[in-house]
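Please read these numbers as outputs of a predicted model, since none were measured by experiment.
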Protein chains: 2
Amino acid sequence: MAKRANPKAGTQVTAQDVARTIGVSQSTISRAFSMTASISEEMKHRVIKAANKLGYQPNVIARSLITRQTNMVAIVMANLVDPFYPVVLDELVQQVQAAGFQTLLFVPSAGQKVDDIIPNLLQYQVDAIILTSATISSAMARICAARDTPVVSFNRYVPGLKIHAVSSDNVGGGRQVADYLVATGHERLAFVAAQRDATTNRDRRSGFLSRLKQLKIETCLQEEGGEFSYEAGYAAAKRLLRQAKRPDALFFASDVMAFGGIDAARELGLSVPGDVSIVGYDDVPLAALPSYALTTIRQPVHEMAKAAMEILGLGGERGAASAPENRIVRGTLITRSSTMDRRAARRLREIAPA
Amino acid sequence: MAKRANPKAGTQVTAQDVARTIGVSQSTISRAFSMTASISEEMKHRVIKAANKLGYQPNVIARSLITRQTNMVAIVMANLVDPFYPVVLDELVQQVQAAGFQTLLFVPSAGQKVDDIIPNLLQYQVDAIILTSATISSAMARICAARDTPVVSFNRYVPGLKIHAVSSDNVGGGRQVADYLVATGHERLAFVAAQRDATTNRDRRSGFLSRLKQLKIETCLQEEGGEFSYEAGYAAAKRLLRQAKRPDALFFASDVMAFGGIDAARELGLSVPGDVSIVGYDDVPLAALPSYALTTIRQPVHEMAKAAMEILGLGGERGAASAPENRIVRGTLITRSSTMDRRAARRLREIAPA
DNA sequence: TTGAAAGCGCTACCAG
DNA sequence: CTGGTAGCGCTTTCAA
């Protein structure tokens, strides 16, 4: 017989204890804490009272062993530094909790591959996995599928990979920016890219460039930022703005990059938007502050999180989608004072030249 | 007999399955995945090979039922909006993971009391609880104590409450700011407070004010911000800076408040630091950017997290502290260009008056 | 070193 | 509606 091996043993009040004190069976205690089981109101009250007196709380770990549901959702956050991600995490966690689930958070440490941590999460028998800006191998996707653990990739997708994905309409966002900058009379445009392989980066860029081509705008410089970071945006902007024929509008792959771009421009003695317009992507909280007042595409984080929950079967009607779904939610252009209408300025100059 | 009630059943490969395929007992499989149990190298290899082929992964949920250790640490984050908290969360999660634990994250939704969610976490049998900028009642503290679940309050403490606490030296930080502002020739100082009951707010303020008194500086305005928010800082600064005899230095209870203060000053046509010096508290990443370049007290987040882990017994040597510990880590003054030396400026004016 | 068996705390089935 | 009982997948004695 297994005798109390652990010093902590005995600390916990079990259903058995409650059962004994009021002289009923342990099953009855279980029923009192179940929504579905049938139990008389009177008995339920007796149980609850005794439970409270003893400080009994059902052990959900033991429960999950039988129900095969831990009610835990794993969230893998590849990045917490970019201010966009706290927003995403907040939204995700709120919705997970609202659906009655707990969040098991994992932040890969530097150099740790997401593939390596999935088995860990699986061992914890999580009911679903949400990957933000991270990807897994198709082998790992298969392992998750074999265990019936749905996986959704948030803010990124991998064509051909058989997991669900939710992202905002990055191609459409790029197009919106192109339309807007052209409509406001910008003539020498530039796109500052981030990680080559990130779908967010690729789609924003291709939407932007293809629309410019449609609009017969020929001059679009492209600069590799390398990363979605302030420093990358800063360095790229410096390079672009020091050119002889410098661009009159810079579109950055993300807001933080754009912040770097604005600071770089100011450091060069250029006015934003007077000399150069700056556009970002995400609409992080900082973009709204007067110091940057950044024109940007707002990512519909709330809707994206909702879509993720639905796909995972944690939303309204339960039951995860079986075929890999790829949901795309449309963003909105938010215009602030990091951009301006150059036609008006030009007209003004024509009427009253300096 | 309980027959597979759940549709998901059968999906999982169990130790029993592995045992059958290589014709050994299930206990042997268990031993192969245990550090301590004695098993021959050869057998271990056989087991691991078979396990890999079948895709077997131990079910840690089942394990924890016996070991009474889930290896999960609950982190309660009252706030993810203030940019200081993502930094804290990142650090905390990294250290929790490095110690071999998983993070169960809880973000109270608007209006949700922390006391109400603790039972939830306890049901998940977490091994420890970390509360950031949140407090629980002494009744709840007692419940946790009765279950031997250590609780540490991070960046806040409640005198008299019997839980562990880790914070930075907020009194000392306030003092450092006072010393610095006085030494650099500021004469009309102001402190912008946040939540009255927050120990962070109280201590920073009392350190600041008491040192000023020691230094025989009489004029220190105090303004209630109300909250640790950009808007609160902005509004408070507007009120202070519109006064006839306006202050020449503002010390805000936090960085985000200070950002609001800087923007307010600029909106009023005042130069920072030319007309007014601004000091914050926390040293969030944004404080380092040129647009704000905020002088502030850097909170030693890494050291604070380390202290929390030690107290909880998750650090180097295991074993939680039994008596409530209150650890205080010292911060550092980081001077940037939101403040200036007014003595130099004054001397200059005396030599060559405008 | 290995196998057999008990049981962690709970749910789910079966009778009554 | 309630009690009895069989296990969820695992660790841990105890014997061999």
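Residues passing the side chain to side chain contact (heavy atoms under 4.5 Å, CB included) test with A:Ala146, sequence neighbours excluded: none.
For the helix from C:dT1-D:dA16 to C:dG16-D:dC1, the angle separating the two terminal helix axes comes to 40°, with each axis derived from five pairs and the value rounded to 10°.
Atom NE2 of A:His45 has 12 or fewer neighbouring heavy atoms from other residues, nucleotides or ligands inside a 6.0 Å radius.
At the phosphate of C:dT11, OP1 or OP2 sits under 4.0 Å from a side-chain N or O atom of A:Ser30. At D:dC8, none of the side-chain N or O atoms of A:Thr67 fall inside 4.0 Å of OP1 or OP2 (strictly under the cut-off). Between A:Ser40 and D:dC1, a side-chain N or O to OP1/OP2 separation shorter than 4.0 Å is absent. Taking 4.0 angstrom as the limit, B:Thr28 places a side-chain polar atom (N or O) nearer than this to OP1 or OP2 of C:dG3.
For A:Phe33 and A:Tyr56, the gap between ring centers is short of 6.0 Å.
Between the side chain of B:Thr14 and the base of D:dG9 there is no donor-acceptor pair of N/O atoms closer than 3.5 Å. Judged by distance alone with a 3.5 Å cut-off, a donor-acceptor contact links the side chain of A:Arg31 to the base of D:dG3.
D:dG9 atom P lies 4 Å from atom CZ of A:Arg68, rounded to whole Å.
Relative to the side chain of A:Ala62, the nucleotides D:dT11, D:dT2, C:dC10 differ in distance, and C:dC10 lies closest. Taking the side chain of A:Ser27 as heavy atoms from C-beta on, and the options D:dC10, C:dG9, C:dA12, the nearest nucleotide is C:dA12.
In this structure, CG on B:Leu314 lies 10.0 Å from CD on B:Gln95, to the nearest 0.5 angstrom.
The minimum heavy-atom distance between A:Ile129 and A:Cys144, with the atom names listed, is CD1-SG, 4.3 Å.
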